[in-house]
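Remarks on the structure that follows.
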Amino acid sequence: MTDARLLGDETAFIAAARSNDAAQFALITERYRRELQVHCYRMLANYEDAQDMTQETFLRVWNKRESFKGHAALRTWLYRIATNACLDFLEKRNDRTPVPAELPDLGSEVLYLQPYPDRMLPEDPQESVVARETIELAFIVAVQHLPPRQRAAFILRDVLGWPASKVADALELTVASVTSALQRARVTMREQLPDHRLDWRSPATHELSDDERGVVKSYMDAHERNDLNGLMALLRDDLRFAMLPEPGTTVITAKDAVDGWVSGGLFQRGYDDWRCIATTVNRMPAAVLYLRAPDDPEYRLFTIAVLRIVDGKIAELTGFDATDKPWLSLPPAL
């Protein structure tokens with residue numbers, strides 16, 4: 001967003017606030033919806049909660065409209081309100097307490113994690129402040145190990161790039177407190193993130209590689225052919241697997257993973273007629289699995305498998321029940 005556009009937004013915002021022009025007010029603030037929702041998602045790891053808190057942000061913005069004097073950028077003011085809406089939400093929810101940092105398994109207790117549809121990401125990467133590595137599931141889960149205010153300080157400073165003084169002002173903390181919180185947060189993030197994500201601020205492509213596309217196609221082909229050996233060949237030995245919202249993310253061998261799926265009925269009668277489509281969520285490759293039950297003429301939406309692919313193999317597989325997520329815009333049947 002250009003400086004002229006920003007200045008225009010701020011001037012128009014003040015005019016709309018003074019005149020109580022709700023339509024113009026909504027038009028201006030709506031431009032920021034997607035990036036604010038991504039911000040809330042990083043804070044909360046849950047798409048539906050992020051939607052709710054974005055709407056709460058707009059309600060608070062309207063109620064506080066007369067307090068905006070243009071001394072700070074409009075975007076900064078909006079992010080400040082969104083951050084505090086998320087902090088208030090986290091304070092009230094006992095089921096959103098931080099994951100203990102000492103847990104060896106990244107996703108073991110983040111049962112509220114939901115995938116983020118790529119179509120809802122900001123369209124302009126210069127405006128979005130959405131690098132691929134800071135929307136991937138591993139990053140979102142790692143952030144959940146941080147206490148809420150530490151989490152907010154980390155996201156505002158290291159993801160959005162705010163100076164420490166601006167972060168301190170937004171969170172009503174001293175600069176020294178923010179600096180201390182950031183130091184602790186960075187240590188935790190380095191401990192929790194996979195080795196290839198030690199620098200979450202490095203440039204990242206938004207496009208899938210040919211390697212990733214090839215692995216997704218092979219994964220889908222293996223399901224549609226009921227090819228157990230082909231499926232196992234795609235998995236790294238130290239696979240990280242989760243099927244949310246069920247507990248029990250584990251780091252297991254590829255053989256143990258496949259044995260577990262088979263014992264659960266995979267590729268046996270009733271779970272042996274698959275069709276798949278490729279998609280992306282969280283700017284990660286994903287396969288949507290459709291299952292056709294005996295005597296059913298259609299393939300029904302079943303799960304979405306989000307994959308992290310390293311050197312041509314699946315290092316992490318996070319499965320989500322896709323049937324209760326209309327915001328993913330997946331066809332219910334094939």
Side-chain angles (χ1 to χ4, degrees), residues 1-92 114 116-131 134-135 148 151-153 155-157 159-163 165-172 206 281-283 325-329:
M1 195 177 291
T2 65
D3 290 342
R5 164 78 176 277
L6 285 170
L7 182 60
D9 273 3
E10 288 156 6
T11 301
F13 183 92
I14 292 172
R18 287 175 177 171
S19 63
N20 289 326
D21 186 343
Q24 180 65 13
F25 180 92
L27 182 64
I28 297 166
T29 54
E30 187 64 25
R31 297 168 187 161
Y32 298 88
R33 178 180 293 275
R34 288 193 177 193
E35 60 181 283
L36 289 172
Q37 186 165 301
V38 169
H39 177 60
C40 293
Y41 176 72
R42 287 198 186 100
M43 286 286 296
L44 306 175
N46 183 283
Y47 180 84
E48 292 167 312
D49 291 342
Q51 273 191 317
D52 291 344
M53 288 305 100
T54 304
Q55 193 59 34
E56 172 66 17
T57 296
F58 286 144
L59 290 173
R60 293 187 183 195
V61 167
W62 174 253
N63 291 333
K64 297 179 179 181
R65 62 192 182 279
E66 294 181 359
S67 68
F68 180 75
K69 306 298 183 183
H71 302 311
L74 177 58
R75 172 183 275 118
T76 299
W77 192 65
L78 295 174
Y79 270 93
R80 175 176 180 161
I81 293 174
T83 300
N84 283 287
C86 290
L87 290 173
D88 290 344
F89 172 87
L90 290 169
E91 186 177 350
K92 296 173 184 175
Q114 291 180 335
Y116 200 98
D118 282 8
R119 65 181 180 81
M120 292 303 298
L121 292 170
E123 296 176 358
D124 185 345
Q126 297 304 315
E127 292 182 21
S128 70
V129 204
V130 180
T134 63
I135 196 67
R151 187 183 312 176
I155 291 171
L156 292 174
R157 180 71 181 92
V159 176
L160 298 182
W162 287 19
S165 58
K166 188 186 292 186
V167 176
D169 182 59
L171 300 179
E172 298 182 346
H206 294 168
V281 296
N282 295 75
R283 287 196 168 132
K325 297 173 178 59
W327 32 270
L328 288 175
S329 295

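As the structure is a prediction and not an experimental result, all values here were calculated from the model.
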ring-ring contact (aromatic ring centres under 6.0 Å, His included) partners of [X], counting only residues at least two apart:
{"X": "Trp162", "answer": "none"}
{"X": "Phe68", "answer": "Phe13, Trp77"}
{"X": "Tyr47", "answer": "Tyr116, Trp327"}

Asp52: side chain to side chain donor-acceptor pair (under 3.5 Å) partners, not counting sequence neighbours:
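Result, side chain to side chain donor-acceptor pair (under 3.5 Å) vs Asp52: none returned.
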By side chain to side chain donor-acceptor pair (under 3.5 Å), Glu30 pairs with (sequence neighbours left out) Arg33
What's the separation between atom [atom1] in [X] and atom [atom2] in [Y], rounded to the nearest 0.5 Å?
{"X": "Lys166", "Y": "Arg157", "atom1": "NZ", "atom2": "CZ", "answer": "10.5 Å"}
{"X": "Ser329", "Y": "Met120", "atom1": "OG", "atom2": "CE", "answer": "8.5 Å"}
{"X": "Arg31", "Y": "Thr29", "atom1": "CZ", "atom2": "OG1", "answer": "9.0 Å"}
{"X": "Thr76", "Y": "Ile81", "atom1": "OG1", "atom2": "CD1", "answer": "11.5 Å"}
{"X": "Leu27", "Y": "Asp9", "atom1": "CG", "atom2": "CG", "answer": "9.0 Å"}
{"X": "Ile155", "Y": "Thr83", "atom1": "CD1", "atom2": "OG1", "answer": "8.0 Å"}

Donor-acceptor pair, distance only, cut-off 3.5 Å: does the side chain of Asn84 make one with the backbone of Ala170?
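Indeed, once roles are kept as given, a pair shorter than 3.5 Å links the two residues.
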Tell me the closest heavy-atom pair linking [X] and [Y], and the distance in Å.
{"X": "Arg119", "Y": "Arg34", "answer": "O-NH1, 2.9 Å"}
{"X": "Cys40", "Y": "Thr54", "answer": "SG-OG1, 3.9 Å"}
{"X": "Val61", "Y": "Leu78", "answer": "CG2-CD2, 3.5 Å"}
{"X": "Gln114", "Y": "Tyr41", "answer": "O-OH, 2.6 Å"}
{"X": "Ala50", "Y": "Leu44", "answer": "N-CD1, 4.2 Å"}
{"X": "Leu90", "Y": "Arg151", "answer": "CD1-NH1, 3.7 Å"}

Under 4.0 Å between a Lys/Arg side-chain N and an Asp/Glu carboxylate O for Asp169 and Arg80?
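Arg80 and Asp169: salt-bridged.
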Please step through side chain to side chain contact (heavy atoms under 4.5 Å, CB included) for the pair His39 and Leu160, ending with a clear verdict.
CA-CA 9 Å; His39 177 60; Leu160 298 182; 4.1 Å; yes
Side-chain heavy-atom pair Glu35, Arg75 within 4.5 angstrom cut-off
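With C-beta onward as the side chain, the pair touches.
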Sub-4.5 Å side-chain heavy-atom contact between Arg60 and Asp88:
yes
By salt bridge (charged side-chain N to carboxylate O under 4.0 Å, His left out), which residues pair with Glu91, not counting sequence neighbours?
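For Glu91, no residue satisfies salt bridge (charged side-chain N to carboxylate O under 4.0 Å, His left out) once neighbours in sequence are set aside.
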Verify side chain to side chain contact (heavy atoms under 4.5 Å, CB included) between Gln37 and Thr57, making sure each step is shown before the conclusion.
CA-CA 10 Å; Gln37 186 165 301; Thr57 296; over 6 Å; no
For Leu36 and Phe58: C-alpha separation, side-chain torsions, deciding distance, then whether side chain to side chain contact (heavy atoms under 4.5 Å, CB included) applies.
CA-CA 10 Å; Leu36 289 172; Phe58 286 144; 4.0 Å; yes
